[in-house]
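To keep things clear, I will list the structure first and then write my remarks on it.
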Amino acid sequence: MNVLVTGAETFLGLRLIAALRAAGHSVTAFSTETSAPSRFAEDPRITWRPWPTRKDVFAKALQGIELALAVDLAELPGDPEAARDKRLTKLIEAVEASAAFRLVLLGTTEIYAPPQGVAGQLDEDAPMRAEDDMSPRARLAHTLEARLAESAADWAVLRVPLILDPNNPAARNLVRGILAEDAAAPGRFHPVDSEDVIAALLAIARSDKTRGMATHMAAPVAFSDRVLDQELGRIARLLTDEAEAYDALRPSHQPTVAVFSTEALEARTGFVPRKSIWPALSQTVQAVIHELQSDGALDPLPRKSGFVSRALELGEAPLAGKVVVITGATRGVGRATTLFLGRLGATIAAVDSSAKSGEALLKEVETGFNGVSGTFLEADLSSLEALRDVAMDLSARFPKIDLLIHSEDRRFNTRRETEEGLEMTLALHHIAPFLLSNLLAAPLQAADAARIIMVSSDEHRDAKGPDADETTFQGTDAYAEAKFQNLQASYVMAQLLEGSSVTVNAINPGEARPEAAGDGEIPDQPQQRATSVKESAMAIVTLATAPEFAGETGLYLEMDTIGASAPATYDEEAAWKVWEEAAQLTGLAHASQDEPASIIQL
């Protein structure tokens with residue numbers, strides 16, 4: 001399709017052109033700028049030109065156009081309203097004179113009278129402001145709509161409130177006013193993300209039901225001025241050096257009554273706004289902080305907020321193209337970790353024992369912020385045979401694995417044995433990570449920089465030793481011993497892999513056990529100082545992804561702080577004994593402290 005975009009120089013026009021180009025359309029761009037941005041300059045599908053002033057040149061430029069998208073009113077950067085009115089009127093006259101193309105005009109909801117109270121929503125028939133009470137942009141939009149309403153042209157109008165985008169001067173001015181100038185927040189904050197605006201414009205262009213109609217849209221939910229104030233403060237602290245621990249995750253905010261009804265838009269086009277406002281709001285705050293620092297109004301402070309929390313706030317995908325294998329992925333901290341990794345763009349390979357829970361997890365991963373793909377492998381992680389099958393399957397699917405996270409975390413109040421006769425707790429928390437890490441050595445070493453993460457527990461400090469005299473089985477003791485041996489094997493593995501592209505680290509993510517116990521498992525006990533599941537998951541994901549841990553190996557972290565495990569875990573002779581015993585139990589080739597291999601292979 002040949003598409004005309006007017007207002008090509010605006011932040012929305014540039015985004016729209018990129019979207020049209022990605023969809024394979026040819027674009028003619030009318031702009032007040034004489035030359036195209038560098039990213040469009042060499043593209044043969046994009047013709048960038050200043051608005052034609054001669055009638056014959058204008059008519060020639062419109063030849064072959066099938067759709068015109070006029071987004072000039074997205075912003076008015078130093079352009080007199082009269083000049084823009086003249087250009088858009090000329091475009092309306094052209095569409096009136098030709099049945100060859102449709103015009104979709106971007107309008108504004110500023111034409112509406114302020115809503116009274118909080119009970120109702122504004123629809124397309126809501127009362128208008130008096131013209132002398134309209135802003136210049138609203139007045140121009142209202143004039144153009146009136147002109148179209150009297151014509152027989154093929155037209156449609158999309159009215160939008162504030163468009164959240166870090167490149168939108170209006171959005172930055174609002175944020176700057178609240179953060180730096182003590183301006184009041186709007187009573188009900190109901191903006192719209194720029195990506196939703198673009199999607200709605202294209203949906204309107206495709207729909208036969210929108211001819212001669214004006215409709216409006218906004219984000220799925222609105223928020224109060226109090227919530228906006230709180231969020232701007234929290235994000236600003238996060239993006240400077242003033243962040244507190246509680247700032248790392250957004251609290252749950254109660255939405256208020258939406259200002260604008262989107263039912264008419266959905267009925268006519270099938271389009272429903274879906275974008276969360278938070279990533280764009282965070283990006284806008286970041287842009288404002290950069291402005292304030294450039295202007296000298298804010299010191300250029302070092303940023304201490306975490307890599308993961310920043311990426312989540314800004315909707316970034318630093319793990320795009322990376323493959324993550326995670327065990328214990330459908331429960332508690334493992335599940336939260338998996339969802340965070342999906343939001344960061346990783347391709348997820350989740351391993352756990354419940355197919356039903358795995359299906360639900362994948363659905364949430366694939367419909368999340370970045371819509372990443374996922375694979376679920378159902379397996380009994382206590383079974384050596386099942387682990388070998390999983391490793392073979394994963395190696396066939398993924399020639400390279402960037403992250404392997406062992407987050408299985410179960411304990412039992414009675415002694416249980418695996419099909420190979422191993423005590424269940426030891427099998428899940430020590431033998432399984434040992435075996436799976438070894439079996440996946442090839443795809444891990446094929447990655448540019450792979451990380452193996454062992455999710456540990458501070459309870460390893462309570463281990464009594466494998467030869468402790470116990471007349472009855474104690475689930476807590478078995479758990480502590482399994483985690484202790486897992487740490488010993490982790491340090492040996494880190495030693496064997498030193499100098500390679502694979503690092504091995506362990507982390508105690510705190511005590512976060514919100515879920516009910518399964519059959520035969522020890523019920524979760526509330527902890528006085530328990531961390532939330534999300535906080536624990538954030539700590540794991542940070543160790544697994546943050547640049548500051550690149551190349552670091554053999555570490556033990558307490559949440560987000562590098563610490564030390566129990567002194568006895570660093571006894572090399574005892575650790576190698578544990579390693580060799582695990583190698584014998586799993587049938588792997590022998591390796592010893594005297595004959596170290598890069599990592600034990602079958």
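In this text the structure is predicted, and so the values were computed from the model without any measurement.
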Crowded around [X] [atom1]? As in, over 12 foreign heavy atoms under 6.0 Å?
{"X": "E498", "atom1": "CD", "result": "no"}
{"X": "R274", "atom1": "CZ", "result": "no"}
{"X": "E385", "atom1": "CD", "result": "no"}
{"X": "E359", "atom1": "CD", "result": "no"}

**Q.** L428 and S382, any side-chain heavy atoms less than 4.5 Å apart
**A.**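 In contact.
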Q: For Q584 and E580, run side-chain hydrogen bond (donor to acceptor under 3.5 Å, both in side chains): C-alpha distance rounded to whole Å, both residues' side-chain angles, the deciding distance at 0.1 Å, then the answer.
A: CA-CA 6 Å; Q584 293 171 5; E580 292 175 357; 5.6 Å; no
Exam field: side chain [X] to backbone [Y], donor-acceptor pair closer than 3.5 Å:
{"X": "H253", "Y": "V227", "result": "no"}
{"X": "R172", "Y": "T284", "result": "no"}
{"X": "R188", "Y": "V257", "result": "yes"}
{"X": "D402", "Y": "K322", "result": "no"}
{"X": "H406", "Y": "H429", "result": "no"}
{"X": "D352", "Y": "A329", "result": "yes"}
{"X": "T418", "Y": "L422", "result": "yes"}
{"X": "S437", "Y": "F434", "result": "no"}
{"X": "N505", "Y": "E552", "result": "yes"}
{"X": "D393", "Y": "D389", "result": "no"}

Q: List the steps and the verdict of side-chain hydrogen bond (donor to acceptor under 3.5 Å, both in side chains) for E419 and S383.
A: CA-CA 7 Å; E419 57 190 36; S383 165; 2.9 Å; yes
Cationic N near anionic O, under 4.0 Å, [X] to [Y]:
{"X": "E558", "Y": "R461", "answer": "yes"}
{"X": "R234", "Y": "E231", "answer": "yes"}
{"X": "D477", "Y": "K464", "answer": "yes"}

Q. What do the steps show when you test T553 against L497 for side chain to side chain contact (heavy atoms under 4.5 Å, CB included), and what is the final call?
A. CA-CA 9 Å; T553 194; L497 289 167; 6.0 Å; no
Q.
Can you tell me how the ring of Y491 sits relative to the ring of Y570, calling it parallel under 30°, perpendicular over 60° and tilted otherwise?
A.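 If you compare the ring of Y491 with that of Y570, the planes turn out parallel.
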Q | Derivation and outcome, side chain to side chain contact (heavy atoms under 4.5 Å, CB included), residues L555 and I507 | A | CA-CA 8 Å; L555 300 179; I507 182 171; over 6 Å; no
